[in-house]
Amino acid sequence: MVERTTCVVVGGGPAGMVLGLLLARAGVEVTVLEKHADFLRDFRGDTVHPSTLQLLDELGLGERFAKLPQSRLSTVSLPGPPPLTIADFRGLRIAHPYLAMVPQWDLLDLLADAGRAEPAFHLRMSTEVTSLVREAGRVAGVRYRTADGATGEIRADLTVGCDGRWSVVRREAGLREREFPVPFDTWWLRLPRRGEERPELMPGMRHGHFAVIIPREEYFQVAYLAAKGLDGQLRAEGVEAFRDRIRTVLPQLADRVGAITSMDDVKHLDVRLNLMTRWHRNGVLCIGDAAHAMSPIGGVGINLAVQDAVATARLLAVPLRRGVVARDLARIRRRRLLPTMVVQAIQRFMHRAVVRPAIEGRRNGPPKPLVTVMNAVPWARRIPAYVIGVGLLPEHAPKWARRNNNTESK
């Protein structure tokens, strides 16, 4: 079966859903393809940053988002002694001076519901893209397979890859990325959270171990960082040895590591940090992690992906009506390259200065020069807060995509 749309978006993550919603509000026929049957996958990034919260307000979704179960974090700290606050959102003059910790599936469901209200928006779940369609020297759409084995084609004026760090679109388009060295991988798990424990984002750094506690509404999501390539060793050592690692680095949670019943409860993330030298070819574009995989440090990957999507919709809504050409697609990379490179440079510095010394057992706290600066100049904490929470080039919803909160919440 061959179908037709104006824009096909591959991947129903934050970038894909935001792009689909915005283009539909511009009157562009858009089809979003998501290979899974639902959005209920754990251990995704759950940080919703101030700039994304502002965008949701502009889209008329702010009130609905505020009703979702969430924890709000106003500071980011590193362990001491004494603990050091490195980012304080409370000093920023912005509408939402905090990070909202919300399960990503709740955010995606909200965006999907908003999209379904637009006649031009079409969401297809359980639809996995297998390859690209080429015609007359350009990408002309995608081939897909559904969960029941059915296959088909969707022809489109533009194909946008929002399908993450292992992007099929990027691979099939022959786009290449530059890989940066990363000294660690991440192992995700969850531990019980008691109601009286206040939400705070603070890593643990102790005796060659590094972990980050991310508060969710009913439990703690924990990221354990260790040297890249250790997954096989950790699983061979077994669950009790892994529990000992968590007890060592997070002694305050030692009484609940029994919740890790087996190594099946521990999910491995192969951390990548890369950047494509070219984000497009004729008829196809990659954005978000498909164009620049981010380290989990700072939790900024989602924010950058959403910003990419807003810029893409704003810059391509009109060209898609007349016929998008290569120079239109090149504008996306020019717009989003600088903020991406700056964040990646900061992440690479944090890898060298904080994470590597910690996992190699050379440091149990933040670098002394950083402690000196932050304690001597407290307002300096606003700088990383702004970079993490807002970014160097925040994108705003175009006028044609904006809605009133009261209208959307009815």
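In what follows, every heavy atom counts, from backbone to side chain, and hydrogens, waters and symmetry copies are set aside.
When all heavy atoms are compared, the tightest approach of V30 to G20 is CG1-O, 3.4 Å. Between R134 and A173, the shortest heavy-atom contact is NH2-CA, 3.7 Å. Residues T186 and A223 share a closest heavy-atom pair of CG2-CB, 3.7 Å. Of all heavy-atom pairs spanning M374 and I86, the tightest one is CE-O, 3.8 Å. Listed here is the closest heavy atom pair of L22 and A401: CD2-CB, 3.6 Å. Smallest separation of non-hydrogen atoms from P50 and L99: CD-CD2, 3.9 Å.
Rounded to the nearest 0.5 Å, atoms CZ (R245) and NE2 (H207) are 14.0 Å apart. With rounding to the nearest 0.5 Å, the separation of CG in L107 from CZ in F65 is 6.0 Å. In this structure, CD1 on I302 lies 4.5 Å from OG1 on T47, to the nearest 0.5 angstrom. Here the straight-line distance linking atom CG of L315 with atom CG of L285 works out to 10.5 Å at 0.5 Å rounding. Rounded to the nearest 0.5 angstrom, W105 CH2 and L68 CG are separated by 12.0 Å. Separating the CZ atom in R243 from the CG atom in L189 is a distance of 11.5 Å, to the nearest 0.5 Å.
The backbone N or O of M294 lies less than 3.5 Å from no partner atom in the side chain of R272, so there is not a single donor-acceptor pair. A side-chain donor-acceptor contact under 3.5 Å links Q347 to the backbone of I297. At distances below 3.5 Å, at least one donor-acceptor pair connects side-chain atoms of E34 with backbone N or O atoms of G12. Side chain of R382 to backbone of D88: no donor-acceptor contact under 3.5 angstrom is found. R381 contributes no side-chain N or O that, together with a main-chain N or O of T75, makes up a donor-acceptor pair within less than 3.5 Å. Between the side chain of S167 and the backbone N or O of D163, no donor-acceptor pair lies under 3.5 Å. Listed for the T312 side chain is no donor-acceptor partner under 3.5 Å among the backbone atoms of V310. Remark: the backbone N or O of N274 is paired with a side-chain donor or acceptor of Q344 at under 3.5 angstrom. A donor-acceptor pair under 3.5 Å is absent between the side-chain atoms of R356 and the main chain of F184, judged by distance alone. Under the 3.5 Å distance criterion, the side-chain polar atoms of Q54 are left unmatched by any main-chain donor or acceptor of T52.
Using a cut-off of 4.0 Å between Lys/Arg side-chain N and Asp/Glu carboxylate O, E153 and R155 are scored as salt-bridged. Under 4.0 Å is where a charged nitrogen must lie from a carboxylate oxygen, and between D106 and K67 no such pair does. Ion pairing between E395 and R335 holds under the 4.0 Å rule for side-chain N and carboxylate O. Using a cutoff of 4.0 Å between basic side-chain nitrogens and carboxylate oxygens, D328 and R322 are scored as salt-bridged. The pair R124-E3 meets the salt-bridge criterion, since a charged nitrogen lies less than 4.0 angstrom from a carboxylate oxygen. A salt bridge does not link D265 with R190: every distance from a Lys NZ or Arg NE/NH1/NH2 to an Asp or Glu carboxylate oxygen is 4.0 Å or more.
At a threshold of 4.5 Å between non-hydrogen side-chain atoms, the residues C286 and M276 count as touching. Contact annotation: the side chain of L275 approaches that of L337 to within less than 4.5 Å [non-hydrogen atoms, C-beta and beyond]. Contact of the E179 side chain with the L273 side chain is not registered, since no non-hydrogen atoms from C-beta on lie closer than 4.5 Å. Using a 4.5 Å heavy-atom threshold, the side chains of P394 and Q307 count as touching. Counting heavy atoms from C-beta outward, L59 and R25 have side chains that approach closer than 4.5 Å. Side-chain contact check for N282 versus V139: every heavy-atom pair is 4.5 Å or farther apart. Residues Y144 and I154 meet the side-chain proximity criterion, which asks for heavy atoms closer than 4.5 Å. Residues M205 and V249 have side chains not in contact (no heavy-atom distance under 4.5 Å, counting atoms from C-beta outward).
No hydrogens or angles considered: nothing links the side chains of T31 and R4 as a donor-acceptor pair under 3.5 Å. Side chain to side chain, R72 and Q70 meet the donor-acceptor criterion of an N or O pair below 3.5 Å.
The six-membered or imidazole ring of F349 lies away from that of H351, with a centre-to-centre distance of 6.0 Å or more.
Put simply, the residue from L23, L123, L19, L111 that forms a side chain to side chain contact (heavy atoms under 4.5 Å, CB included) with V32 is L123. Residue E177 is tested with R170, H292, R278, R165 for a side chain to side chain contact (heavy atoms under 4.5 Å, CB included); the sole match is R170.
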CA sep, side-chain torsions, deciding dist, call: C7, V160, side chain to side chain contact (heavy atoms under 4.5 Å, CB included): CA-CA 7 Å; C7 179; V160 183; 3.9 Å; yes
From CA spacing to verdict: side chain to side chain contact (heavy atoms under 4.5 Å, CB included), D289, L304: CA-CA 9 Å; D289 270 5; L304 278 174; over 6 Å; no
Worked verdict on E29 versus H122 for side-chain hydrogen bond (donor to acceptor under 3.5 Å, both in side chains): CA-CA 8 Å; E29 287 289 332; H122 310 281; 2.9 Å; yes
Verdict with reasoning, L110 to L61, per side chain to side chain contact (heavy atoms under 4.5 Å, CB included): CA-CA 8 Å; L110 185 154; L61 302 174; 3.5 Å; yes
Worked check of side-chain hydrogen bond (donor to acceptor under 3.5 Å, both in side chains) between S71 and R193: CA-CA 12 Å; S71 299; R193 176 183 172 189; 3.3 Å; yes
Derivation and outcome, side chain to side chain contact (heavy atoms under 4.5 Å, CB included), residues L158 and L329: CA-CA 10 Å; L158 176 64; L329 302 181; 3.7 Å; yes
Derivation of the side-chain hydrogen bond (donor to acceptor under 3.5 Å, both in side chains) call for D231 and W187: CA-CA 8 Å; D231 188 57; W187 287 262; 2.7 Å; yes
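In R327, the CZ atom is not crowded: 12 or fewer heavy atoms of neighbouring residues, nucleotides or ligands sit closer than 6.0 Å.
The aromatic rings of Y224 and H209 sit tilted relative to each other, their planes meeting at an angle between 30° and 60°.
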